[in-house]
Structure formats: C-alpha cells, structure tokens
Amino acid sequence: MSRSKQPQVLEISPPQELRFQGPYSDVVTANLKLFNPSDKKVCFKVKTTAPRRYCVRPNSGVVDSKTAVNVSVMLQPIDGDASDKGKHKFMVQSMFAPDTVDDMDKLWAEAAPGDLMDSKLKCVFEEQPSTPEEPPVVEASSMEVEKEPENPKAELRLLMEECKRLQAENSKVKQLYDEVKCQASGPSSGVEDIMKVVSTHFLVVMILLSFIFGFGILLGASL
C-alpha cells in the first residue's frame, strides 16, 4: 500500500502565483524564495509545463536547514503567437535529502512517490500600465509673453508734449510764411515755390495737431 503524499515542507514565496510584468519583447524575470524551516536538508526541483519558454536558475538543488534559496524564473522574449501563455504552470517538488548526495538525478529517479512533496504555481501576465501623455515642453524663449497694457496717463503726457512741439513748429512756419510774403515785391517763381512748400508744411502740421488733439481728448475721457 503506497503512502499518501506529505505536505510541502518548504515555505515558498510567492506561494501560489508567479507574476510577470510586460512588455514581453525582452527577458522578464520573476523570483521564487524557498525557505527550509526543518532540521533536515531538503532537495528541490522546479518543473514547468512550458520548458521552452523559461530559463530557471537554479532549477534544482539542496536547501540546508533554516536557510533559503532564491530561484530566478526567466520568461524568454515572446515573438508572434503567445496564446498559450495563460496556461503556463510551475511545480516545486521537494523531498528530504539523505546524509550524502552523490548523484542528484539518480536520487530523484529512485525516489518513492510517497517521499515527494510538491506545490503548484500558476503564471500571471500583467501588461505594462499605460502612462499619460505629457504636454510638449516649450522653451521659455519661444513662448509668447503677453504685454502689459501701457499706462494711459503716460501716453496722454507724450501726446501733449508732441502737441506742444508741433504748435511751436507751426508758429515758426507761420512766421516764415509771413516774412516770405512781405519780402516778395512781385511775382517770382522762386518765391512762389517757397510759399507753396511753406503752405504745404503748414497744412500738414495743422492736420497733425487736429489728429493729436482729438486723440488726446478721447484718451483723457477713458481715464
């Protein structure tokens, strides 16, 4: 009559699942910790249902009493169809080791089923969380800076100063016009040309004075 299987003596962490974090275009590693709380040495072996998909280091060995062994489970890059990855499973098999271990393969081959202890773990595949898109970075030098509104009082002061300047220039032009008119003893083409220039200049100055004066009134009313 065969003996029933013994409960797992090793404390396995994580106890039920091996989690792999994508992306899977490169090797992804999950870690197992095997702790032996007993007073005896324990042999272990790690098996998988998809041996071509994984590289396990170490995949077998001995855990001394009150010590632990870390096992790296490396998922190989997945190219193309990976529809079977949800079916991947692992099993940690163990048994108490004899005083001396000469041939590990022979030891496992000759082990009685009742001496074996095993724990099964399933594989969980997690996709990499999507990161929110960040707004584009714009250099400060290329950013448009809103201009502060200019001081209306300062603008009005400048307009008044310009108005005074044009009034003074207008007085000079008028005086020159009068002098030229008085000195002209008779019609002369040269005098007529000078008077035309002076008259034109006088007219332009008057138009500018009218425009500035009107704009100054509007600006003053808005204050």
Side-chain angles (χ1 to χ4, degrees), residues 1-140:
M1 182 176 179
S2 62
R3 293 180 298 171
S4 59
K5 281 191 174 184
Q6 301 182 51
Q8 178 64 266
V9 65
L10 295 176
E11 295 179 1
I12 302 173
S13 178
Q16 297 178 339
E17 295 177 341
L18 278 175
R19 292 185 173 272
F20 298 90
Q21 180 74 58
Y24 304 107
S25 56
D26 202 353
V27 175
V28 181
T29 302
N31 295 306
L32 271 176
K33 183 178 180 181
L34 309 179
F35 176 70
N36 178 12
S38 72
D39 296 328
K40 300 179 180 180
K41 293 182 179 181
V42 176
C43 298
F44 75 91
K45 179 185 290 188
V46 181
K47 296 181 178 181
T48 179
T49 58
R52 294 184 179 181
R53 295 282 193 182
Y54 298 90
C55 180
V56 181
R57 292 290 182 271
N59 61 355
S60 63
V62 177
V63 186
D64 292 330
S65 172
K66 312 297 183 184
T67 63
V69 171
N70 291 318
V71 177
S72 296
V73 181
M74 292 165 279
L75 173 65
Q76 302 305 297
I78 297 177
D79 296 325
D81 183 23
S83 57
D84 66 328
K85 69 179 183 180
K87 302 177 182 179
H88 299 177
K89 295 179 181 179
F90 279 83
M91 182 172 68
V92 178
Q93 203 167 46
S94 64
M95 65 179 174
F96 287 107
D99 295 335
T100 57
V101 180
D102 297 327
D103 189 341
M104 186 68 69
D105 292 335
K106 183 179 179 180
L107 180 66
W108 283 105
E110 295 178 353
D115 294 335
L116 301 178
M117 300 168 280
D118 57 61
S119 298
K120 295 180 180 180
L121 299 91
K122 66 178 181 178
C123 296
V124 177
F125 298 87
E126 300 175 334
E127 297 298 330
Q128 187 178 26
S130 58
T131 56
E133 294 184 2
E134 297 183 357
V137 178
V138 181
E139 295 182 3

Begin with the C-alpha distance, continue with both residues' side-chain angles, and end with the deciding distance and a verdict on side-chain contact (heavy atoms from CB on, under 4.5 Å) for Val56 and Phe90. CA-CA 11 Å; Val56 181; Phe90 279 83; 3.9 Å; yes
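The closest side-chain heavy-atom distance from Phe125 to Leu75 is below 4.5 Å. Between Met117 and Gln93 there is no side-chain heavy-atom pair separated by less than 4.5 Å. Side-chain atoms of Gln76 and Cys55, non-hydrogen and from C-beta on, do get closer than 4.5 Å to each other. Annotation: side chain of Ser94 is in contact with side chain of Gln8 (closest heavy-atom distance under 4.5 Å). Put simply, the side chain of Leu18 does not reach to within 4.5 Å of the side chain of Lys122, judged on heavy atoms. Proximity of Arg53 to His88: side-chain heavy atoms (C-beta onward) are separated by under 4.5 Å at one or more points. Between Pro77 and Tyr24, every side-chain heavy-atom pair lies at or beyond the 4.5 Å cut-off. Looking at heavy atoms from C-beta onward, Val73 lies out of side-chain contact with Thr29 at the 4.5 angstrom threshold.
Put simply, CG on Asn59 and NZ on Lys45 are 8.5 Å apart, with the number rounded to the nearest 0.5 Å.
One N or O on the side chain of Asn36 and one on the backbone of Val63 form a donor-acceptor pair closer than 3.5 Å. Under the 3.5 Å distance criterion, the side-chain polar atoms of Gln6 are left unmatched by any main-chain donor or acceptor of Asp118. Side-chain N or O atoms of Lys66 include one that pairs as donor or acceptor with a backbone N or O of Pro37 at under 3.5 Å. In terms of modelled atom types and a separation under 3.5 Å, the side chain of Ser119 and the main chain of Val92 share no donor-acceptor contact.
For the pair Tyr54 and Cys123, the tightest heavy-atom approach, listed with the atom from each and the gap, is OH-SG, 3.7 Å. Considering all non-hydrogen atoms of both residues, Val28 and Gln21 come closest at CG1-O, 3.3 Å. Looking at every heavy atom in both residues, Val62 comes nearest to Phe44 through N-CE2, 3.8 Å.
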Enumerate donor-acceptor pairs with a distance under 3.5 Å from any side-chain N or O in residues 95-112 to protein atoms, sequence neighbours excluded.
unit_1 : atom_1 : unit_2 : atom_2 : d
Asp103 : OD1    : Asp105 : N      : 3.2
Asp103 : OD1    : Lys106 : N      : 3.3

Distance-only donor-acceptor pairs under 3.5 Å for side chains of residues 10-17, two or more places apart:
unit_1 : atom_1 : unit_2 : atom_2 : d
Glu17  : OE1    : Arg19  : NE     : 3.4
Glu17  : OE1    : Arg19  : NH2    : 2.9

